[in-house]
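Working notes for the structure below.
Whatever order the structure lists them in is the order used to number ligands and atoms, beginning at 1.
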Amino acid sequence: MNMSVKIFTVLCAFMLASQLSCSQNSDPFFALRNRMVKTQIEARGISDEKVLNAFRKVERHKFVLPQYIPYAYADSPLPIDEGQTISQPYIVAFMTDALDLKRTDKVLEIGTGSGYQAAILAELCDSVFTIEIFEKLANKSRQVFNDLEYKNIWSKTGDGYKGWPEHAPFDAIIVTCAPTNVPEPLTEQLAEGGRMIIPVGDDPVQELVLLKKRKGKLREESVLPVRFVPMIDPEGRKY
Ligand code: SAH
């Protein structure tokens, strides 16, 4: 090895080491987040590195209520405002993985809640459109998206049952509140070749259903029993 190659190698090693220690120092939750990925997500069979990296990167503690920050990386859902919940990390990962996202995909999310799922999606695809029925939650999550400088998330307050026709079709649709049947406007707004993941059924336990649109037809399979908050209309009635 000649001298300039040696200097270059040492310089690279130094830069890498300082970058690593910098990301660890500036984020006290770095180790907890990596542990969450390893023990809750990877250990349960999710292996797509792109998905795992999104979970290593997005700071879940920025999306939870202040009193729950110590539990931000625990293996459970947590309460957010308006009696709603941020889903368990593994469920967020399972649903994200099931959508098989490509970098160029446009995704619709129904039920913004804390905004955590939307941020994970924004790491993996081109654009995320997300709808939340409670104004307080929509405003709060928008603030977090701004603070974290996401430029590819568009959010609005409204009834997600109707989807967002102005931006359809979507390559993927993810629904994080449970209706008793799959909303027709959503299947209509799914692109050819598109995938939708949605919890369906009556309170308190539903089935997570994966739908795929091929040649205009929908194929449907149940993939996991789950427990989600209900999808509600603007009067608060369950769909
Ligand atoms: N994806 C969220 C999970 C939030 S829980 C997260 O990562 O935190 C589901 C959310 O769906 C709740 O915030 C609830 O208010 C919202 N919701 C219920 N019915 C809705 C509807 N018709 N349209 C849009 N959002 C709805």
Side-chain angles (χ1 to χ4, degrees), residues 36 40-41 51 54-55 57-65 68-69 71-74 76-99 107-125 128-145 148 150 153-165 167 170 172-186 189 196-204 206 208 226-239:
M36 170 191 87
Q40 301 173 31
I41 301 177
V51 172
F55 282 84
K57 180 170 174 199
V58 178
E59 298 174 318
R60 189 173 158 91
H61 62 277
K62 302 245 165 103
F63 294 86
V64 303
L65 291 168
Y68 293 110
I69 289 176
Y71 312 104
Y73 297 97
S76 65
L78 292 170
I80 55 175
D81 288 316
E82 306 286 9
Q84 305 302 313
T85 52
I86 174 174
S87 306
Q88 178 191 9
Y90 172 64
I91 295 295
V92 181
F94 184 92
M95 293 174 82
T96 306
D97 195 53
L99 289 176
V107 181
L108 174 68
E109 181 196 26
I110 310 302
T112 318
S114 69
Y116 178 66
Q117 171 79 75
I120 291 285
L121 297 169
E123 295 290 338
L124 294 162
C125 64
V128 180
F129 293 83
T130 180
I131 308 175
E132 169 55 52
I133 203 151
F134 287 106
E135 184 142 37
K136 182 174 180 181
L137 290 170
N139 288 342
K140 220 169 156 177
S141 58
R142 208 170 289 130
Q143 186 59 54
V144 183
F145 300 148
L148 297 178
Y150 281 104
I153 303 178
W154 286 268
S155 75
K156 71 167 183 178
T157 310
D159 182 0
Y161 184 93
K162 302 182 180 70
W164 201 332
H167 294 285
F170 299 96
I173 299 180
I174 179 167
V175 184
T176 65
C177 45
T180 42
N181 292 296
V182 179
E184 216 174 288
L186 298 184
Q189 290 170 36
M196 179 177 351
I197 186 100
I198 175 169
V200 184
D202 267 330
D203 255 2
Q206 310 99 17
L208 203 52
V226 283
R227 189 178 289 235
F228 273 85
V229 296
M231 180 183 278
I232 53 173
D233 70 12
E235 275 73 51
R237 291 178 301 233
K238 291 179 194 173
Y239 271 116

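In terms of protein heavy-atom proximity, atom 23 (N) of ligand 1 is nearest to Gly160 N, 2.8 Å. Scanning all protein heavy atoms for the shortest distance to atom 8 (O) of ligand 1 gives Ser114 OG, 2.6 Å. Of all protein heavy atoms, the one lying nearest to atom 11 (O) of ligand 1 is Gly111 CA, 3.2 Å. Protein heavy atom closest to atom 7 (O) of ligand 1, with residue, atom name and distance, is Gln117 N, 3.1 Å. The protein heavy-atom contact nearest to atom 25 (N) of ligand 1 is Ile133 N, 3.3 Å. What sits closest to atom 17 (N) of ligand 1 on the protein, heavy atoms only, is Cys177 SG, 3.7 Å.
Which of Val175, Ile174, Thr85, Leu137 comes nearest to atom 3 (C) of ligand 1 through a heavy atom is settled by distance: it is Thr85. Distances from atom 21 (C) of ligand 1 to the heavy atoms of Val92, Leu78, Ile232 put Ile232 nearest. Distances from atom 14 (C) of ligand 1 to the heavy atoms of Met231, Gln84, Glu82 put Gln84 nearest. Compare Met95, Arg60, Glu132 by their heavy atoms: the one nearest to atom 13 (O) of ligand 1 is in Glu132. With Thr157, Asp233, Thr112, Thr176 as candidates, the residue nearest to atom 9 (C) of ligand 1 on a non-hydrogen basis is Thr176.
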*Residues Tyr68, Ile86; criterion side-chain contact (heavy atoms from CB on, under 4.5 Å); working and verdict*: CA-CA 11 Å; Tyr68 293 110; Ile86 174 174; over 6 Å; no

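Near Val229, the atoms of ligand 1 lying under 4.0 angstrom from a non-hydrogen atom of the residue are 5 (S), 9 (C). Every atom of ligand 1 is numbered from 1 in the order shown, and the set under 4.0 Å from a heavy atom of Tyr116 is 7 (O). Of all atoms in ligand 1, numbered sequentially from 1 with element shown, those under 4.0 Å from a heavy atom of Ile86 are 8 (O).
Here the side chain of Tyr161 pairs no donor or acceptor atom with the backbone of Pro185 at under 3.5 angstrom. With Gln206 contributing its side chain and Phe228 its backbone, the two residues share a donor-acceptor pair below 3.5 Å. A donor-acceptor pair is defined here as one N or O able to donate and one able to accept, closer than 3.5 Å; no such pair exists between the side chain of Ser155 and the backbone of Ile131. For Glu132 (side chain) and Asn139 (main-chain N/O), no donor-acceptor pair under 3.5 Å exists by modelled atom type.
Heavy atoms of other residues, nucleotides or ligands lying less than 6.0 angstrom from NZ of Lys156 number more than 12. In this structure, Glu82 places its CD atom where more than 12 heavy-atom neighbours from other residues, nucleotides or ligands lie under 6.0 Å away.
Between Ala93 and Ile41, the shortest heavy-atom distance links the atoms CB-CG2, 3.7 Å. Counting all heavy atoms, side chain and backbone alike, Pro179 lies closest to Met231 at N-CB, 3.8 Å. In this structure, Val128 and Cys125 approach most closely via the heavy-atom pair CG2-SG, 3.9 Å.
In this pair, Trp164 and Phe129 present their aromatic rings perpendicular. The plane angle is above 60°, beyond the 30 to 60° band.
Geometrically, ligand 1 and Phe134 share no nitrogen or oxygen pair separated by less than 3.5 Å. An N or O contact shorter than 3.5 Å links Glu109 to ligand 1 by distance. Ligand 1 has an N or O atom lying under 3.5 Å from an N or O atom of Asp159, backbone or side chain.
The shortest heavy-atom distance from Gly158 to ligand 1 is under 4.0 Å. At least one heavy atom of Pro230 sits closer than 4.0 Å to an atom of ligand 1.
Considering only heavy atoms from C-beta on, Leu186 comes within 4.5 Å of Leu108 through its side chain.
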